[in-house]
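See below for the structure under consideration.
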Amino acid sequence: MRMNPSGIIGLILILTTLLSGCVFNPELLPERDDANVTALTSVEIREYQGERLSSITDFRENSLDGPQYINQSAYLLEIKGLVSHPLLLPYEEVITEYPPFKKKVTLFCVEGWEVTILWEGVRVKDLLNEAGVNPAANTVIFYAADGYSTSLPLDYIEDRDILLAYSMNGVTLPAERGFPFQLVGEDRWGYKWIKWVTRIEVSDDPSYRGYWEKRGFSQSGER
Ligand SMILES: Nc1nc2c(c(=O)[nH]1)N[C@H]1C(S)=C(S)[C@@H](COP(=O)(O)O)O[C@H]1N2
Ligand SMILES: [Mo]
């Protein structure tokens with residue numbers, strides 16, 4: 001039987017999502033004493049506070065260079081730029097040393113689809129505060145493993161408690177969804193929700209343009 005390419009991609013996505021659920025290792029989870037944070041499970045949550053959530057397989061994978069497969073033990077999150085002490089943080093350190101938050105937020109892609117997911121992650125501002133933000137800073141630029149980048153105002157990141165998510169619907173982000181981290185760019189178009197984040201640069205250049213912004217999409221990304 002022949003399958004068209006989108007059928008094959010869909011099948012691969014479903015299989016890899018199922019597989020990542022099976023090999024999900026609870027040993028990797030941080031220990032928490034925060035009673036508000038639900039322990040992560042390998043089965044995704046589909047309802048939160050009485051409302052339906054989308055499935056983590058409802059996304060369309062149309063990233064610029066396909067899914068990135070990041071090696072967790074080699075991974076380091078770099079925080080640099082206008083900070084008093086740049087940081088290089090291993091995955092476990094981000095997850096265990098910073099307070100966890102969760103939020104139900106909808107991602108809207110400019111292509112006309114949307115997904116509502118329960119995200120869990122750390123606040124970007126908590127990472128930035130650890131690095132010590134220079135008072136001249138006004139912009140945060142994010143870079144990813146596939147060469148993608150985007151930027152957002154520092155005020156937005158701080159005032160809105162913007163999350164760097166490591167879990168969606170109670171499941172660790174699969175590679176297709178941006179493991180180890182995806183930015184939860186609430187109230188901004190999906191192209192601001194950078195996946196596979198490797199570097200966060202604090203800057204005083206509000207005119208920096210990321211991948212889609214350079215190609216004509218709005219700099220603010222406001223919907
Ligand atoms: N690194 C990286 N992040 C990215 C993209 C990308 O191509 N590369 N695409 C963006 C776009 S356009 C959207 S709509 C969201 C959607 O997430 P998804 O690809 O998991 O569906 O990811 C965003 N983050
Ligand atoms: Mo998108």
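Ligands are counted one by one from 1 in listed order, and the atoms in each one are counted from 1 as well.
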Give the atom numbers and elements of ligand 1 that come within less than 4.0 Å of a heavy atom of [X].
X      : answer
Ile194 : 3 (N), 24 (N)
Gly190 : 10 (C), 11 (C), 13 (C), 14 (S), 15 (C), 22 (O), 23 (C)
Ala144 : 1 (N)

Problem - Modelled atom types, side-chain donor and acceptor of Tyr208 and Ser149, under 3.5 Å - result: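 Their side chains do contain a donor-acceptor pair, which is all the 3.5 Å distance test asks for.
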Practice task
Ignoring hydrogens and angles, state whether a donor on the side chain of Ser55 or Glu44 is under 3.5 Å from an acceptor on the partner side chain.
Solution key: yes
Exercise for the section: Among Leu127, Ile200, Leu76, find the one that has a side-chain contact (heavy atoms from CB on, under 4.5 Å) with Leu89. Expected result: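 By the side-chain contact (heavy atoms from CB on, under 4.5 Å) criterion, Leu89 pairs with just one of Leu127, Ile200, Leu76: Leu127.
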Exercise for the section: Report yes if the distance between the aromatic ring centroids of Phe181 and Tyr91 is under 6.0 Å, otherwise no. Expected result: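 Yes, close enough.
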Problem - Residue among Trp212, Trp119, Phe142 satisfying ring pair (Phe, Tyr, Trp, His ring centres under 6.0 Å) with Trp193 - result: Trp119
Practice task
Check each of Trp193, Trp113, Trp196 against atom 16 (C) of ligand 1 and report the one with the nearest heavy atom.
Solution key: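 Looking at heavy atoms only, the winner is Trp113.
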Problem - Of the listed options Asp146, Ile56, Asn62, Val110, closest to atom 8 (N) of ligand 1 (non-hydrogen atoms) - result: Asp146
Problem - Side chain, backbone, both or neither: the part of Ser63 lying under 4.0 Å from ligand 1 by heavy atom - result: both
Practice task
Please indicate whether any nitrogen or oxygen in Arg60 is less than 3.5 Å from any nitrogen or oxygen in ligand 1.
Solution key: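 N/O-N/O distance below 3.5 Å exists for this pair.
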Handout entry: Candidates Arg223, Lys192, Lys104, Lys103 - the one meeting salt bridge (Lys or Arg N to Asp or Glu O under 4.0 Å) with Glu186
Key = Lys103
Practice task
Can you pull out the closest protein heavy atom to atom 7 (O) of ligand 1? Residue, atom name and distance to 0.1 Å, please.
Solution key: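 For this ligand atom, the closest protein heavy atom is Leu64 N, 2.8 Å.
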